Amino acid sequence: MKNEGLFNYLLRLADTNLILGHRLSEWCGHAPYLEEDIAMANIALDMIGQANALFQYAAKTEAKGRTEDDLAYMRNEREFVNTLLSEQPNGDFAMTIVRQFLSDVFDFHFYESLKSSKDEMLSALAVKGHKEVTYHLRHTTAWMERLGDGTEESHSRLQKALNELWCYTDDLFELNEGDKRLVKEGIAVDPASIQNAWIKTVDDVLAKAKLVKPAGVWQQKGSREGIHSEHLGFLLAEMQHLHRAYPQAQW
Amino acid sequence: MDTNQLEQNFDAKLARNESIEPKDWMPDNYRKHLIRQISQHAHSEIVGMLPEGNWITRAPSLRRKMVLLAKVQDEGGHGLYLYSAAETLNISREELIDQLLTGKAKYSSIFNYPSLTWADIGAIGWLVDGAAIMNQVMLQRTSYGPYARAMVRICKEESFHQRQGYEIMTVLAKGTAEQKAMAQDALNRWWWPSLMMFGPPDEKSPNTANAIKWKIKRETNDELRQKFVNQTFPQADIIGLKLPDPDLKWNESKGGFDFGTPNWEEFYNIIAGNGPCNKARISARTKAHNEGAWVREAANAYAEKKKAVLA
Amino acid sequence: MAQDNQGMLWEVFIQTKPGQPHRHCGSVHGHDRELALQNARDVYTRRNEGTNLWVVPSNLIVASSPEDIGPFFEPANDKVYRHPTFYTIPEGITHM
């Protein structure tokens, strides 16, 4: 396939948005208070919306007659290339906030850079994504500060969440051979180019939240090649079962 | 002014169809009735998020997933508007939530039925939201100002809810044989509970008389139920589904359908806590409330610290 | 456990277009100013309703009472000279 690299790159972005949006949507009806329930659904809707647009573009790029739903519902665990961070379970509210925050900081700098992609469609999606994630980051930053500097309990929960999730942060920056070619062509973002900005934003917020950045953590990687934690399989089983149970059906 | 005078002024206001506002004098029973009704309405929105929320993670397409999430989120928003309206009557959200979790306050019995298949999401939107909208359209003219204003906002937002449910049913009814069976099964299970949503028959409804007198409600339970049956029959017919009522037939003389009697014994049992999901619903709300307590405490502690720094 | 705390009550005002006045649209809970503002955004602007938002602690709003209607507002009833139609001007005068 001529555009295989681009197709695969789009899946990376779409999958990550879908899986993280899906995780957030699991909170709907169960958040710590009503206003936050609504806030999390807003973020989830932004992310699933972005995934939808990316899958549509991926389907068009692939040009084999597959639809966005085929890509979301008919691929298996090893074909999904979302980040390891995005698939981690919600845990308590601290886990959810840390997961979202680390991911928001990445997306914030990533979209900023992707805006100058030579691919017009990607650039347009980046403009939209950047606006959305700017608000998401404001929201998660507010919670990082409040939980980090709230009560003893909230502080220790947040620090624990940070310690547990830190091993998935290098994985955010992974790229494969196809991505590297796209970077050279000015289409994809070189994750290494935003790593310092990511570290700085994270450090600033951790300082305000009075958290200690984990050091010397062995990093889990592999999502760029479809190697996941065990959590993804269960998520996909739940998400895809109805669609797959009636393969001939329209919904 | 003595109470008699105040009461006369209040009645005169109602007679002129003027709205009652939070600081206006109002009879104690009017206030109590409103707190009960508005909070029950708010709790129904919040508990109502659960049966539909169950299907967000399993929605069969990306479009359906987004629509359902937006819809369930709206229910949360509506609960929020209604809690706010209740709060103008001098009761706090903390107290209102406590009443729900301790079983002192009720919520709509319909949400104690399980949502078993995807078609239930269609049936809930079409029938349950349809029934709720009937009630809510009337409540836009309710006599208490903050309640009426919340209802105006809610009705505006609800307008897509029923359509999305009916659209799901339409697609299923036109789909494969299995899908059509799924749709009919959901209709069979949700039809009678939907009719029960309007409350017991007028002659057995303890609160109807006052609610009408005070212009909190402007149509009775039975009037609304009749309207609902009349409007739903053609909607089912056009997509080839059948309302599960052997007694249903057109009555030319009243210009409406005659229909069977819901199982009121089941209704009262569900209200008494014996529905298939009563315990699950309240325990889900209690769990969210308890597990969120440390978050709310942290936000509060942070706010207090910042205040201390500024002082 | 400490007593439950759902956050303070705030009144929300939305400006729907630039240049328009802010209008009251409802209330939200929030434990502090930033959360109240974000909550107002998340609750009241999901359908593209706003270009600007105010949140004000509900307990800081000073309101007149129903008993004030007479003394507050009725004295304005007879001040017809505050309105342009009170004045007689010759026929044919425009732009005034």
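Owing to the predicted nature of the structure, the values given are computational and were not obtained by experimental measurement.
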Exercise for review: Answer with side chain, backbone, both or neither: which region of A:Ala39 has an atom nearer than 4.5 Å to a non-hydrogen atom of chain C?
Suggested key: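 Both backbone and side chain of A:Ala39 come within 4.5 Å of chain C.
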Point to revise | Side chain / backbone / both / neither for A:Arg146 at chain C, heavy atoms under 4.5 Å | key: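 For A:Arg146, the side chain is the part near chain C, not the backbone.
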Practice item. Could you please state which residues from residues 15-40 of chain C sit under 4.5 angstrom from chain A, measuring non-hydrogen atom to non-hydrogen atom, sorted by number, or 'none'? Key: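 Residues in range: C:Val28, C:His29, C:His31, C:Asp32, C:Glu34, C:Leu35, C:Leu37, C:Gln38, C:Asn39.
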Point to revise | Test log, rule side chain to side chain contact (heavy atoms under 4.5 Å, CB included), inputs C:Arg46 and A:Leu45 | key: CA-CA 11 Å; C:Arg46 287 175 290 138; A:Leu45 283 167; over 6 Å; no
Is the [atom1] atom of [X] crowded by more than 12 outside heavy atoms at less than 6.0 Å?
| X | atom1 | value |
| --- | --- | --- |
| A:Lys160 | NZ | no |
| A:Lys128 | NZ | yes |
| A:Lys200 | NZ | no |
| C:Asn48 | CG | no |

Review point. Does a donor on one side chain sit under 3.5 Å from an acceptor on the other, for A:Tyr135 and C:Asp42?
Key: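 Per modelled atom types, A:Tyr135 and C:Asp42 side chains form a pair under 3.5 Å.
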